[in-house]
Amino acid sequence: TCSDADLTGYLNTAIAACEKYVDDIINRRSVTQTWLSGVAPFAIRYSFASDLTAVTLNGEDVLSEWSLLQGGSSSRLIRADYGGYCLSSAQLLATYSAGYQQCPSDLLLAIAYAGLEIYKLYQYGADTAQVTKEVVTGIGTVEYDIDSTVGVLPPKSTQILDMYRRIGI
């Protein structure tokens, strides 16, 4: 048996592993994004952004001058007056909420599978060591590039998560 704190820990670890795998935020929370250069509108890094709570330019509060332009799962930070803005030699920070307001059931299932895998690892000492190098005498050596989420995320999870995975964004 497990305590509620242990189960929460397993699920939080599973959520973090799933978020890393899909390269996006699943569990809705507040995030701060920084831009050092560029031209408005600025691309918002994470999906399902809303609730812009703070915008600063070189430490000065400029929230009233900016807003979020939402378009499906992607959003942009724009000037509230729709005017242009070129950012150079300055630091623009925006704090907003990102992630799902209601997590899709298949993502919840992927997280549950990952949580079960993590539970097994901690409860039963399952060996999740990855083979990173093979040596065959007389033939040669092969080294593998192992993703750090492999071993935590079972195939049942990654099959689901592949539908949500963002590559090269």
Side-chain angles (χ1 to χ4, degrees), residues 8-115 117-118 128 130 132 143-169:
T8 299
Y10 300 143
L11 287 175
N12 285 338
T13 302
I15 291 167
C18 290
E19 287 181 340
K20 181 177 179 183
Y21 186 84
V22 299
D23 190 31
D24 204 353
I25 291 178
I26 296 171
N27 192 22
R28 189 160 188 79
R29 64 179 173 275
S30 179
V31 294
T32 299
Q33 185 173 339
T34 304
W35 296 269
L36 299 175
S37 64
V39 177
F42 297 101
I44 294 293
R45 167 75 175 85
Y46 298 106
S47 299
F48 305 106
S50 65
D51 307 323
L52 186 63
T53 57
V55 180
T56 61
L57 181 62
N58 290 332
E60 181 183 335
D61 180 8
V62 291
L63 176 62
S64 63
E65 300 172 23
W66 294 87
S67 63
L68 283 175
L69 177 65
Q70 297 170 322
S73 63
S74 66
S75 301
R76 302 274 185 264
L77 181 67
I78 62 167
R79 293 283 307 230
D81 62 4
Y82 296 99
Y85 187 83
C86 182
L87 179 67
S88 64
S89 301
Q91 184 180 52
L92 182 68
L93 281 83
T95 302
Y96 56 91
S97 295
Y100 292 93
Q101 291 198 21
Q102 178 138 8
C103 191
S105 58
D106 57 342
L107 273 178
L108 291 174
L109 186 59
I111 292 166
Y113 286 141
E117 193 71 20
I118 293 164
T128 60
Q130 298 293 313
T132 58
E143 291 194 43
Y144 301 100
D145 181 20
I146 301 296
D147 185 327
S148 63
T149 60
V150 173
V152 172
L153 295 176
K156 286 181 178 181
S157 286
T158 58
Q159 287 171 352
I160 295 167
L161 294 171
D162 282 342
M163 295 184 291
Y164 295 89
R165 195 168 195 189
R166 298 176 348 150
I167 298 173
I169 293 179

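The figures that follow rest on heavy atoms only: side chains count, while hydrogens, waters and symmetry mates do not. Source: prediction; values computed, not measured. Sequential numbering from 1 along the given sequence is applied to the chain's residues.
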Would you be so kind as to tabulate the donor-acceptor pairs closer than 3.5 Å made by side chains of residues 96-105, with sequence neighbours excluded?
residue : atom : partner : partner atom : Å
Tyr96   : OH   : Gln33   : OE1          : 2.7

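Once rounded to the nearest 0.5 Å, the distance linking CG of Leu92 with CG of Leu87 reads 5.5 Å. Note that the CD1 atom of Ile160 and the CZ atom of Arg165 stand 14.5 Å from one another [nearest 0.5 Å]. With rounding to the nearest 0.5 Å, the separation of CG in Leu161 from CG in Asp106 is 9.0 Å. Separation of atoms OG1 (Thr32) and CG (Leu93) is listed at 6.5 Å; rounding is to 0.5 Å. The distance from the CH2 atom of Trp35 to the CD1 atom of Ile44 is 4.0 Å, given to the nearest 0.5 Å.
Looking at every heavy atom in both residues, Leu52 comes nearest to Ala94 through CD1-CB, 4.1 Å. Between Tyr113 and Ser157, the closest heavy-atom pair is CB-OG, 3.2 Å. Ala110 and Cys18 get closest at one heavy-atom pair: O-SG, 4.2 Å. The two residues Ala14 and Gly115 come nearest to each other via the heavy atoms CB-N, 3.4 Å. Taking each heavy atom of Leu153 and Ala17 in turn, the nearest pair found is CD1-O, 3.8 Å. When all heavy atoms are compared, the tightest approach of Trp66 to Val62 is CD1-O, 3.2 Å.
A distance-only check finds no donor-acceptor pair linking the side chain of Asn27 to the backbone of Arg29 [under 3.5 Å]. Judged by distance alone, with hydrogens and angles left aside, the side-chain atoms of Gln91 form no donor-acceptor pair with the main-chain N or O of Gly59 at under 3.5 Å. With hydrogens and angles disregarded, a donor-acceptor distance shorter than 3.5 Å links the side chain of Arg166 to the backbone of Asp23.
For the side-chain hydrogen bond (donor to acceptor under 3.5 Å, both in side chains) condition, the pairs that include at least one residue of residues 46-55, sequence neighbours left out, are Asp24-Ser47, Arg28-Ser50.
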